[in-house]
Amino acid sequence: MAVRTFIEAVREGLREEMRRDSAVIVLGEDVGKKGGVFFATDGLWAEFGDDRVIDTPLTESMIAGVSIGAAANGLRPVAEIQFADFIFPAMNQIIEEAARIRYRSNGTYGCPITIRAPFGAGVHGALYHSQSVEAFFAHVPGLKVVIPSTPYDAKGLLLSAIRDPDPVIFLEHKKMYRSVRGEVPDGEYTVPLGRATVTREGSRVTVVAYGLMVHYALDAAARVAGEGIETEVVDLRTIRPLDAATVLASVRKTGKCLVVHEDNRFGGFGAEVAALVAEEAFDYLDGPVTRLAGPESPAAPYASVLEDAFLVTPEKIAAAIRKLAAY
Amino acid sequence: MAVRTFIEAVREGLREEMRRDSAVIVLGEDVGKKGGVFFATDGLWAEFGDDRVIDTPLTESMIAGVSIGAAANGLRPVAEIQFADFIFPAMNQIIEEAARIRYRSNGTYGCPITIRAPFGAGVHGALYHSQSVEAFFAHVPGLKVVIPSTPYDAKGLLLSAIRDPDPVIFLEHKKMYRSVRGEVPDGEYTVPLGRATVTREGSRVTVVAYGLMVHYALDAAARVAGEGIETEVVDLRTIRPLDAATVLASVRKTGKCLVVHEDNRFGGFGAEVAALVAEEAFDYLDGPVTRLAGPESPAAPYASVLEDAFLVTPEKIAAAIRKLAAY
Amino acid sequence: MYSRRVTNSGAPITPDPATRSGLPAARLREIYRLMALARALDERAWILNRSGRVHFVISAQGHEGAEAGICAALTPGRDWLLPYYRSMAAVLAFGMTPREVMLQQFGRADDPGSGGRQMPAHYGGAAYRIFSSSSPVGTQALHAAGIALASKLRGEPQVTTVMMGEGAANQGDVHEALNFAGIHRLPMVLLVENNGYAISVPAEKQVAVRDVAVRAAGYNMPGVIVDGTDVLGCYLAMRDAVARALTGDGPTLIEAKVTRLTGHSSDDQQTKYRTEEDLAAGRGRDPLPAFRDELRAAGLLGEAEEATLATEIRGLVDDATDFAEAAADPDPATLTRHVYAEPG
Amino acid sequence: MYSRRVTNSGAPITPDPATRSGLPAARLREIYRLMALARALDERAWILNRSGRVHFVISAQGHEGAEAGICAALTPGRDWLLPYYRSMAAVLAFGMTPREVMLQQFGRADDPGSGGRQMPAHYGGAAYRIFSSSSPVGTQALHAAGIALASKLRGEPQVTTVMMGEGAANQGDVHEALNFAGIHRLPMVLLVENNGYAISVPAEKQVAVRDVAVRAAGYNMPGVIVDGTDVLGCYLAMRDAVARALTGDGPTLIEAKVTRLTGHSSDDQQTKYRTEEDLAAGRGRDPLPAFRDELRAAGLLGEAEEATLATEIRGLVDDATDFAEAAADPDPATLTRHVYAEPG
Ligand SMILES: Cc1ncc(C[n+]2csc(CCOP(=O)(O)OP(=O)(O)O)c2C)c(N)n1
Ligand SMILES: Cc1ncc(C[n+]2csc(CCOP(=O)(O)OP(=O)(O)O)c2C)c(N)n1
Ligand SMILES: [Mg+2]
Ligand SMILES: [Mg+2]
């Protein structure tokens, strides 16, 4: 089993699925010769050619809308939105069309497309190359939203997403692309959508996170472990559909729940997790369900001092765990 | 003080503000001669002419984007999106542009625009003329989101929205347009943005709602009152910024909180209210913060039997109040 | 070029329809029958609405000629259709039955497009390669491009036709779709049915140019203007577009000048924003009598045939109405089904 | 029509620049100075990036000629500018100082556009009527239309110019903006700087037509193609466009054929997707030496003047760099300020 970076795992998943299924095509801006601005599709154009690796015009609504049509006529499009920040021109196609086609057609048409997009801050990307967009899509019936935290899950979940009969938004925290490495089996394997995983077991506090924040939560958990605070970390992996059972089982055990994400707090995805726990685990709670999230500003500013102030860090998570544990 | 329907109050607010401030213009599809598909702008074109009441092309992104530019050059645009369901083509302009202009320019540019849109189900509008879209905008720093429930508030909040220096999404539940009437003072008055109001006082359960659901909550409260359940109803009126103080004060008093909206539950705005209450009023809660919302389907289907099954009703709210009160 | 040449008196001086179109008389009568059937179903829908039996009607009256002519050049079963809410004639041409049209109008469980979930005239039919249509206008142009891309990549001879109004054509999605279709030379045709209005907004306030078709040049494809009252002119334009599509010559934009004989929908009063002259001029451009007279003049439609046809159509419409009205509503228990694929 | 006529040998045979443009010699030298200054600031930014002192550079090299020529026909203070990330020459023409450019490049607190919140080359300046620019491409076309609408409604003589690349021009927003501008005959000019690439995607894969300008006909406005190495050709085209805008004749689309002399940005390696011939051809279309030679040939730029200018510019760039590098970072405490208007 080889050790791979997160981006290598994504690339490998794409390549293997394209080899396995000739209906799979990749389309997006610069996904061809250049191999994508982060090189997620590097080498695919050379192997599969112009027909299956399509450099599109600079038009996101077209990328989503053409994927929907291509899927209706038998293809399995995997679209790349260059940065999640640029997915908004495609909102109408994703929310009004992709998410509703099966429902509005009473199940007679489907929309098996996967839309990949790098998101998140911490790479000097400033206001428009740092955003977290998961909350917008997690709210929409008909969509699935996947956010892996490890190379293993990235490949396994990507294969599941591509094979899924419904539209999947597949979000990759760009700060993990090269900084996170892990073992990735060669060849075919899948990780099921809609299943969270307990990445670290603990008894005092449950931290619910996804993507990069899982690593920060584990870091924080290690810090407070020395202080005798045993933290359980739940990696959601898929945020819609949400694996409520795993989250609730953990909180019913620990009695304390901290939800962490980089996106701003108000109306963010953490609110759904917190509301779920507050309603379904009410009798088990020994402390308030707490949210730790990015500040109420539109993404991360450019200047390093501002970006640093913006970011959710292991230190901030550790502090929140201590506060909750002490409640 | 005259009794007016909800739509008359909106129209009156627009007319008076256009008379008062020549910088105010109205733009949107069919807002001119036709006076809007719901007649919210009826008569404005005749009074103010082509320059200030602009029938636009059938292009929502243009409606939002042109409003942004016009505001930068001194106008006060009030845009109408014909149905909230059709606001998605304008998402990029509203979220990436309008909401971020002040922040990204470090306060050197603003975006004083108001975007009105009818939303909500119950009028046989089916999947694309029934949607609730508030959750998408409530999450976005830089936007304000207003949802009035009475003709009085509709006019007073609309004037505040138009005069506000920041972009305001002004959502009107279309089922209230002609079914809800109330006293509306002639002439100028404003209702401040960001302030909730307690519409009915009670001691046992707090129901938090906005728009049409406030009326249903009051109806439900009346039903259960006979059973000795004293319900307090909080009308949020503005959902971003949220008047947390009023909500928390009520829940700290009653110890029980039910959040109601027509939008689907998962990741809906109710999650934010529930998460806020669960965290900030934890020590006061005598029962789980509960959400009552629309089903996890994309808006209301057309067939009456399906639409009826979809809708949140006073009966359903009353049942939820009883359950929570009995906890 | 495709349009009927006319004398100064305005009388057509074209060769007879069969010669002009190369279509056999029977086929020409079929096209007329399709138009008349669409019209009759549409008129019935209005009666049902005014008598409170259906909530909503959005009408195809005035658009049938263009759609019937266009579809006459297509091959149902092989080709794809992305209709819009005025595409009654097109969906019938693709195989949808009057009963199915009425099931959709009533929002019944057996509505083939949505099982009663969508508003009337939101057509769809997997059995007919009619893609599911939504309300947000213009989005279907991109779906058409995607469907055509798949045909091209598989080398499948297949033409995708997408229809919309001139107002919808201003949506950014349509620009992006035409650009993509032009780049990839997709086997696709965009039919813009220009009736001069987007609800109440006249074309001069919503389209910067008189002819939407001139935009085709900006996407490296032919832009063809046809008279929507000239059914065979529409057919001939589409015949060429289909030939281009199937031989790899790429997409075509066809603009049909049509008229909207009714209000925008049953919720609209067009007298509020249209003058009597304007409305009268519109009524003068009804494609149904125009094509009927053409066939009559050429001796392809006799009084006997017309009478038989009228009876047949009345029967079909009555049957469809009774069938659909009596049909079952959706089961409320299905409210949250098909949000996602169901196991098995 | 606006371009320099050339002999078969390729040598220009136009009248001297002053006669051709009607601009005094001093003004012509100013235009050249602006281009040279923009180039020098841009080159310095790359050095700062390669030496790790700034995170990111997105370059204007190759685009300066078109922008300098276009802006020479505008009136800073009166007119509005909606720049994009290659608009270094344009923002300088509108009054932004080298120090301000460098403050933005370093992301310092005194960056006039964003106070260090936005990436380099995301220009803005309320003092100069330069609207705040974002990253999502094409959106600014609609803002320009809105600004121009306000000018028109107030009857204020004011021209709004919006700039973008040919890739961005395919966005739906641009189509919607041009349609609206065409309908309302807005005093607005869209400059499309066509450098043949959207990052790595060559024009033939992202624009269905060779010349974006042909799309202007679809919006009832003139579409003008100019050679971006012909600074005065760009000026003359814009002079006419400005005249149209101010006399109520409406908008103009100007497409300047330019070259991108660098990678897309400091994160891009263009050798991965461009051939050596292609790159060499690009280098041959550098507007800076072209305009310099034009002025030299006309005796409007002597060795002495060039030397003085070079020294002046070096001084300005050094000063701007030192000033900006030494300038204060934003205060972290301001992170959540200006999300909404602040009281008072
Ligand atoms: C994106 C969107 N915005 C607004 C509407 C509301 N609406 C429905 S039809 C229509 C006018 C369409 O005009 P046109 O495209 O010319 O088609 P026509 O009805 O004239 O055939 C409008 C504004 C919509 N359906 N979708
Ligand atoms: C909506 C959007 N999608 C993607 C990007 C990422 N991106 C930045 S510049 C660029 C290419 C722009 O090409 P063009 O418009 O031709 O301008 P050029 O850089 O060539 O001057 C892309 C894809 C973006 N900024 N905005
Ligand atoms: Mg129309
Ligand atoms: Mg370019």
Side-chain angles (χ1 to χ4, degrees), chain A residues 27-39 41-42 45-46 50 53-63 65 81-83 85-90 92-93 123-131 264 266 294-311, chain D residues 54-56 104 106-109 111 114-120 122 133-139 164-175 197-208 264-265 267-270 272-274 328-340:
Chain A
L27 68 164
E29 296 153 12
D30 305 290
V31 297
K33 250 188 206 172
K34 183 174 169 71
V37 294
F38 292 101
F39 304 125
T41 59
D42 201 22
W45 178 80
D50 276 332
V53 182
I54 302 172
D55 268 329
T56 67
L58 177 32
T59 48
E60 287 72 16
S61 191
M62 172 251 117
I63 292 170
I81 298 296
Q82 197 161 79
F83 287 86
D85 313 60
F86 304 134
I87 203 166
F88 294 97
N92 195 46
Q93 284 291 345
V123 298
H124 305 299
L127 305 182
Y128 293 101
H129 300 76
S130 299
Q131 295 175 30
N264 64 294
F266 193 87
E296 290 300 315
S297 75
Y302 179 71
S304 300
V305 286
L306 293 178
E307 186 179 44
D308 293 343
F310 175 95
L311 295 172
Chain D
V54 301
H55 299 301
F56 179 79
Q104 213 270 329
F106 276 94
R108 299 305 191 209
D111 150 30
S114 81
R117 291 174 167 196
Q118 292 219 70
M119 284 179 109
H122 285 53
S133 51
S134 64
S135 301
V137 301
T139 54
M164 67 183 63
E166 87 292 340
N170 298 300
Q171 283 279 349
D173 274 7
V174 180
H175 169 69
Y197 285 89
I199 304 186
S200 71
V201 186
E204 58 273 20
K205 285 190 173 186
Q206 38 121 350
V207 195
H264 172 72
S265 76
D267 296 339
D268 178 49
Q269 258 303 346
Q270 63 178 344
K272 187 173 182 186
Y273 53 82
R274 289 181 74 171
D329 279 323
D331 174 356
T334 63
L335 176 64
T336 55
R337 286 193 56 188
H338 303 304
V339 175
Y340 297 99

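Heavy-atom basis, side chains included; hydrogens, waters and symmetry copies ignored. Residue numbers start from 1 in every chain, and the chains themselves are labelled A, B, ... in the order their sequence lines are given, proteins ahead of strands.
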> Asp50(A) versus chain D, heavy atoms under 4.5 Å apart: side chain, backbone, both or neither?
Replying inline: side chain
> Any donor and acceptor pair, going by atom type alone, linking the side chain of Gln270(D) with main-chain N or O of Ser200(D) inside 3.5 Å?
Replying inline: no
>> Shorter than 4.5 Å, heavy atoms on both sides: which option in His124(A), Met62(A), Lys33(A) has the most such pairs with chain D?
In response: His124(A)
> Quick one: does His122(D)'s side chain have a donor or acceptor within less than 3.5 Å of a partner on Pro120(D)'s backbone?
Replying inline: yes
> Hey, which of His338(D), Gln269(D), Lys272(D), Arg337(D) has the most heavy atom pairs under 4.5 Å with chain A?
Replying inline: Lys272(D)
> Side chain, backbone, both or neither: which part of Ser61(A) has an atom under 4.5 Å from a heavy atom of chain D?
Replying inline: neither
>> Closer than 3.5 angstrom, by distance alone: can the side chain of Gln131(A) be matched with the main-chain N or O of Ala300(A) as a donor-acceptor pair?
In response: no
>> Please classify the contact between Asp331(D) and chain A as side chain, backbone, both or neither, with a heavy-atom cut-off of under 4.5 Å.
In response: backbone
> Rounded to the nearest 0.5 Å, how far does CD of Gln82(A) lie from CD1 of Ile199(D)?
Replying inline: 4.0 Å
> For Val37(A), is it the side chain, the backbone, both or neither that has a heavy atom under 4.5 Å from a heavy atom of chain D?
Replying inline: side chain
> Looking at OG1 of Thr41(A) and CG of Asp30(A), how far apart are the two atoms once the value is rounded to the nearest 0.5 Å?
Replying inline: 9.0 Å
> With respect to chain A, which residue among Ser114(D), Ala168(D), Gly167(D) yields the maximal number of heavy-atom pairs within a distance under 4.5 Å?
Replying inline: Gly167(D)
> Non-hydrogen atoms of chain D under 4.5 Å away: do they reach the side chain of Phe310(A), the backbone, both or neither?
Replying inline: both
> If only atom types and distance count, is the side chain of Asp85(A) paired as donor or acceptor with the main-chain N or O of Ser130(A) below 3.5 Å?
Replying inline: yes
>> Would the distance check show the side chain of Asp55(A) and the main-chain N or O of Val201(D) forming a donor-acceptor pair, the cut-off being under 3.5 Å?
In response: no
> Counting N and O atoms only, with roles assigned by atom type, does the side chain of Asn170(D) sit under 3.5 Å from a partner on the main chain of Gln206(D), one being a donor and the other an acceptor?
Replying inline: yes
>> Heavy-atom cut-off 4.5 Å, strictly under: side chain, backbone, both or neither for Val137(D) against chain A?
In response: side chain
> Looking at Gly172(D), Ser134(D), Ala208(D), Gly107(D), which has the largest count of heavy-atom pairs under 4.5 Å with chain A?
Replying inline: Ser134(D)
>> At a 4.5 Å cut-off on heavy atoms, which part of Glu307(A) comes close to chain D: side chain, backbone, both, or neither?
In response: neither
> Based on non-hydrogen pairs under 4.5 Å, which of Ala198(D), Gly165(D), Ser135(D), Pro330(D) is most in contact with chain A?
Replying inline: Ser135(D)
>> Report which part of Phe39(A) has an atom under 4.5 Å of a heavy atom belonging to chain D: side chain, backbone, both, or neither.
In response: side chain
> Given a strict heavy-atom distance threshold of 4.5 Å, which part of Asp42(A) is in contact with chain D: side chain, backbone, both, or neither?
Replying inline: side chain
> So, Asp111(D) side chain and Gly116(D) main chain: donor-acceptor pair closer than 3.5 Å or not?
Replying inline: yes
